[in-house]
Amino acid sequence: MFAIVEIAGLQYKVEQDQKLFVNRLKGDKGGKVSFDKVLLTVNGSTTIGAPAVSGITVDAEILDHVKADKVIIFKKKRRKGYEKKNGHRQSLTQIVITGITGFDNKKEKKAAAPKAKKAAATEPAATETQNSESAE
């Protein structure tokens, strides 16, 4: 069982008890967060949202707030004496997925109703042709 969820503008494939790093979230260490923008779920059958699956939430716990490795940005223009060095460290939050809730195990059979209408529509046409043959 897994879900694709949107967290802070990015999409992640998550499963229960999975640890992952996401962009900095509000909340303290040990706090609980819940994400309700679930785009897809797979639990025996696949459910695709348009744009999100309603009634499904992904619960997580904040483990730590950390910074990623430094990324060096170096700009240079040759023969001009222009050099600029800059760095950036992204703020991240480490979370663990505690559960995916809201699954309904009842499967609805919506396709059964249209089949009955098709069968009812073909029967009158068949009886009309039989009546026209017996009239001749």
Side-chain angles (χ1 to χ4, degrees):
M1 170 171 64
F2 70 89
I4 296 179
V5 63
E6 185 174 322
I7 302 171
L10 300 175
Q11 298 174 5
Y12 297 93
K13 178 183 174 184
V14 296
E15 296 177 2
Q16 181 135 0
D17 299 326
Q18 178 184 1
K19 292 181 182 179
L20 67 146
F21 291 97
V22 297
N23 286 337
R24 181 63 61 105
L25 298 174
K26 293 181 182 177
D28 293 331
K29 194 176 191 181
K32 307 282 185 193
V33 290
S34 180
F35 308 107
D36 59 349
K37 191 153 186 188
V38 179
L39 305 175
L40 178 134
T41 59
V42 176
N43 185 20
S45 64
T46 303
T47 306
I48 300 173
V53 179
S54 61
I56 306 290
T57 59
V58 175
D59 300 318
E61 181 180 346
I62 297 175
L63 295 179
D64 201 8
H65 295 292
V66 296
K67 283 193 167 187
D69 294 337
K70 183 174 273 195
V71 178
I72 304 295
I73 298 101
F74 185 73
K75 299 178 182 180
K76 180 180 178 176
K77 293 187 179 179
R78 63 184 187 165
R79 296 186 303 269
K80 305 295 182 201
Y82 173 79
E83 290 184 359
K84 187 167 208 125
K85 184 177 178 183
N86 202 346
H88 174 73
R89 291 186 71 184
Q90 184 71 32
S91 298
L92 301 174
T93 300
Q94 185 180 16
I95 61 172
V96 61
I97 304 299
T98 56
I100 302 171
T101 59
F103 283 109
D104 189 15
N105 293 332
K106 298 176 185 176
K107 294 184 179 179
E108 298 177 12
K109 295 183 179 179
K110 295 181 181 178
K115 290 181 182 176
K117 289 181 183 178
K118 289 180 183 177
T122 57
E123 288 178 16
T127 56
E128 290 176 13
T129 56
Q130 290 175 357
N131 289 341
S132 63
E133 290 176 9
S134 63
E136 291 177 7

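No side-chain N or O of Thr57 forms a donor-acceptor pair with one of Asp36 less than 3.5 Å apart.
Inter-residue side-chain proximity for Tyr82 and Lys75 is flagged as met; some heavy-atom pair is nearer than 4.5 Å. Between Asp28 and Ile62 the shortest side-chain heavy-atom distance does not fall below 4.5 Å. Contact annotation: the side chain of Phe35 approaches that of Ile95 to within less than 4.5 Å [non-hydrogen atoms, C-beta and beyond]. By the 4.5 Å heavy-atom criterion applied to side chains, Leu25 and Ile7 are counted as neighbours.
For Lys26, there are no side-chain contact (heavy atoms from CB on, under 4.5 Å) partners, not counting sequence neighbours. For the salt bridge (charged side-chain N to carboxylate O under 4.0 Å, His left out) test, no residue two or more places apart in sequence or in another chain qualifies with Lys67. Partners of Thr47 according to the side-chain contact (heavy atoms from CB on, under 4.5 Å) rule, which considers only residues two or more places apart in sequence or in another chain, are Thr41, Val53.
When atom types are taken as modelled, the side chain of Arg89 and the backbone of Ala68 share a donor-acceptor pair closer than 3.5 angstrom. Under the 3.5 Å distance criterion, the side-chain polar atoms of Gln16 are matched with a main-chain donor or acceptor of Thr98.
Summarising the geometry of Ala3 relative to Val38, their closest heavy-atom pair is CB-CG1, 4.1 Å, with the distance given to 0.1 Å.
Interatomic distance, CD1 of Ile72 versus CG of Asn86, reported as 8.5 Å (0.5 Å rounding). Here the CD-NZ distance, from Glu61 to Lys32, works out to 4.0 Å after rounding to the nearest 0.5 Å. Note that NZ of Lys29 and NE2 of His65 are 9.0 Å apart. Values are rounded to the nearest 0.5 Å. Atom CZ of Phe2 sits about 11.0 Å away from atom CD of Gln18, to the nearest 0.5 Å.
Cluster annotation: Val5 is connected to Val33 through the hydrophobic network of ILVMFWY side chains, with a link wherever side-chain heavy atoms come within less than 4.5 Å. The cluster map of Ile, Leu, Val, Met, Phe, Trp and Tyr, joined by side-chain heavy atoms under 4.5 Å apart, puts Ile4 and Ile97 in different clusters. Val58 and Val22 fall within the same hydrophobic cluster, where Ile, Leu, Val, Met, Phe, Trp and Tyr residues are linked whenever their side-chain heavy atoms come under 4.5 Å apart, directly or through other members. In the hydrophobic cluster analysis, where Ile, Leu, Val, Met, Phe, Trp and Tyr join through side-chain heavy atoms closer than 4.5 angstrom, Leu10 is grouped apart from Leu92.
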(message) Apply side chain to side chain contact (heavy atoms under 4.5 Å, CB included) to residues Lys84 and Ile73 and explain how you reach the verdict.
(response) CA-CA 8 Å; Lys84 187 167 208 125; Ile73 298 101; over 6 Å; no
